[in-house]
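Below is one structure, written out as structure tokens, with a few remarks after it.
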Amino acid sequence: MTIEHKKDFVRETIKKDLKEGKFNYVNTRFPPEPNGYLHIGHAKAICLNFEIAKEFNGKCNLRFDDTNPTKEEQKYIDAIKEDIKWLGFDWEDREYYASNYFDKLYEYAELLIKKGKAYVCDLSPEQIKQYRGTLTEPGVPSPYRDRTIEENLKLFREMKQGLYSDGSKVLRAKIDMSSPNLNLRDPVMYRILKKSHPRTGNKWCIYPTYDWAHGQSDSIEGITHSICTLEFEDHRPLYDWFIEQLGIHHPRQIEFARLNLTYTVMSKRILLELVKRKIVKDWDDPRMPTISGMRRRGYTPQAIRNFASAIGVSKADNTVEFEYLEHFVREDLNKKAPRVMAVLNPIKVIIDNYPEGIVEELEAVNNPEDSSAGKRKVPFSKVIYIENDDFMEKPMPKFYRLTVGSEVRLRYAYFIKCESVVKDKNGNIVEIHCTYDPQTKGGDAPDRRKVKSTLHWVSAKHAIEAEVRLFDKLFLTENPLKTGEGKNFLDNLNPDSLKIIYNCKLEPSLANAKPFDIFQFERVGYFCVDKDSTSEKLVFNRTVTLKDDWQKIKSKLIN
RNA sequence: UGGGGAAUAGCCAAAUGGCAAGGCAACGGGUUUUGGUCCCGUGACUGGAGGUUCGAAUCCUCCUUCCCCAGCCA
């Protein structure tokens, strides 16, 4: 069997390693820090790591990088696991934690001390910063740099025992204070943090830094390819140094460019801030670029995976258009979502020549893209609702929906012709009066006359009501982080990112819709049932609109 | 003005010295009981300047621009 590999520099590198015998198996890993929810950028990394493992007949581990108990929480661990599973990936029994390796890491640290390659430093954080030098000036060695091995060992053990206060001492690697690579200027390996850890409780009061823990964790797990983002490229010499000093398994690190999306922020820090400031309801607010937000919004795992695959992977900084993601959402939903009729902004239509008290059950196709989806009946009667936008008293050019004197088709029902409108005392249209042609039942005219458009509708008597939440971009600008002097991303928020409409009229077949069910509201968009929805009060989220040429034509006419 | 990366169409991205893939967007047209879907068509001399070569996006030289690094964050 030949495996067809996608061509990108990561896969090419792995293929080469296998061919040259650098490794004879592939083991990747996805290493999230449980300090927030996963977002679409993580999805890119998840897809990359799990799919590569699969393609090369290898494994992908899940490992939580839980080295900083001041920021990490169990609830994030739970959410991360749920999101990865939902995306469709399986780490089987390989659920690991950097904290699993705390003993081993401690042992390694003592080993480095004994080799004279690490020392306990009493400098304050501010002093360490000063001694480090700058981008253009070399650093200055710490006065504690030449402590004896015995003293270092004693001090480090005392740190572990809790004899010193937070911040008073650290363990540092002894590398090169004048290295042009700042990461090699005696980086901190351990800090004192008298803080309980979600997994190790109060066992430790010293915690390894990411730079110290990460590479060794990969090594311990026998990872062959440590795929990470570009900003770690200049940490690689440090990771190599640790591994070489320790003489342990040496994974190959491959760096790729992280995903940026227009109109969205991908920083967990800022996402947390949006949650804390209650700008969004929570991490799973459908406007959030989080995986859980997208799930709640109605995006499918397949759409996200197709997107991740389509954007590819490279080392060039990139900002993908948000519309590209939406394209894959529509593409997947077009195949899967049952069609229904729902009127978001209803206006009443009375069919004057239709008999009072009669109800017809008309046949409607559930999904023209999927014949196995079958058909259903939709009730029709004298009074119906249509979309407010589908009527114009003074039609603009190219408007070929309903207007006084025009004839349109009601989907699956009849041709109707508008005769007149009734207005209230403020001049607002409250009723549209039409006549129908009984010959056109089902939507075709026996005389083959054509009609310029087809409208969706809901029988007034049979309509069920729902709340519908219309989401729009959270930010107004393509790069929300790019702001003028004295401003920040909050100034770029879209005040209209959520519009709620309450009296939408839905066809009765929707009465039993359950949370996360997805539908296409014909001619409007894709919608899914929100988790707030109950049988008494249905709540829908707009996942994404349908592509809308009429909007384009309209905006061109206006400009 | 230290170190590490990156430059191919509006966006993403192929190409591995041999006539510059593909997707999205945009634009034009066809089909259509969703102004949806679907189908057809339209766009590049590869950041710049030199050089090597029969031949360069690919190799060499110089230049320009952008991104990352001075946490006891990851």
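Numbers restart at 1 for each chain; the letters A, B, ... are given by sequence-line order, proteins then strands. None of the values given here were measured: they were computed from a predicted structure.
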- Query: What does A:Gln520 touch in the nucleic acid at a heavy-atom separation under 4.0 angstrom: a base, only the sugar-phosphate, or nothing?
  - Reply: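 Result for A:Gln520 = base.
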- Applying the Watson-Crick and G-U criteria (both distances under 3.5 angstrom) with [ ] for crossing and | for other-strand pairs, one obtains for RNA chain B .((((((..(((.....[...))).(((((.......)))))....(((((..]....))))))))))).....
- Task: For atom NZ of A:Lys417, decide whether the heavy atoms of other residues, nucleotides or ligands shown that lie under 6.0 angstrom number more than 12.
- Result: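 No, NZ of A:Lys417 has 12 or fewer neighbouring heavy atoms, counting only those of other groups under 6.0 Å.
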- pair A:Trp204-A:Phe102: side-chain heavy atoms closer than 4.5 Å: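 They are in side-chain contact.
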- Sequence-aligned protein contact record of nucleotides 65-74 of chain B, with B where the base is within under 4.0 Å of a protein heavy atom and S where only the sugar-phosphate is: --SBBBSBSB
- Using the C1' atom on both, measure B:rC11 against B:rC68 and round to a whole Å.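 Comparing C1' positions in B:rC11 and B:rC68 gives a spacing of 22 Å.
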- Query: When only distance counts, do a donor and an acceptor, one from the side chain of A:Glu323 and one from the base of B:rG10, lie under 3.5 Å apart?
  - Reply: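 Not at all, since no donor on one side and acceptor on the other fall under 3.5 Å apart.
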- Is A:Lys160 positioned over the aromatic face of A:Tyr106, cation under 6.0 angstrom from the ring centre and no more than 45 degrees off axis?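 The answer is yes, since A:Lys160 meets both limits relative to A:Tyr106.
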- Query: How are the rings of A:Phe64 and A:Tyr97 set to each other: parallel, tilted or perpendicular (split at 30° and 60°)?
  - Reply: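 Geometry flag for A:Tyr97 against A:Phe64: parallel rings.
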- Look at the aromatic rings of A:His327 and A:Tyr324 and report parallel, tilted or perpendicular, splitting at 30° and 60°.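 Ring orientation of A:His327 relative to A:Tyr324: parallel.
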- RNA chain B: A:His327 or A:Arg523, which has the more 5' nearest nucleotide?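 The residue closer to the strand's 5' end, by nearest nucleotide, is A:His327.
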- Starting at the 5' end of RNA chain B and moving along, which residue's nearest nucleotide shows up first, A:Tyr324 or A:Lys441?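 Closer to the 5' end of RNA chain B: A:Tyr324.
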- Task: Kindly compute the distance separating CZ (A:Phe391) from OG (A:Ser406), expressed to the nearest 0.5 Å.
- Result: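 If I round to the nearest 0.5 Å, the distance is 8.0 Å.
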- Using a cut-off of less than 4.0 Å, is there contact between a side-chain N or O of A:Lys556 and OP1 or OP2 of B:rC27?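 It does, given that an N or O in the side chain of A:Lys556 lies less than 4.0 Å from OP1 or OP2 of B:rC27.
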Identify each atom pair where a protein N or O and an N or O of nucleotides 14-21 of chain B are less than 3.5 Å apart, giving names and distance.
none

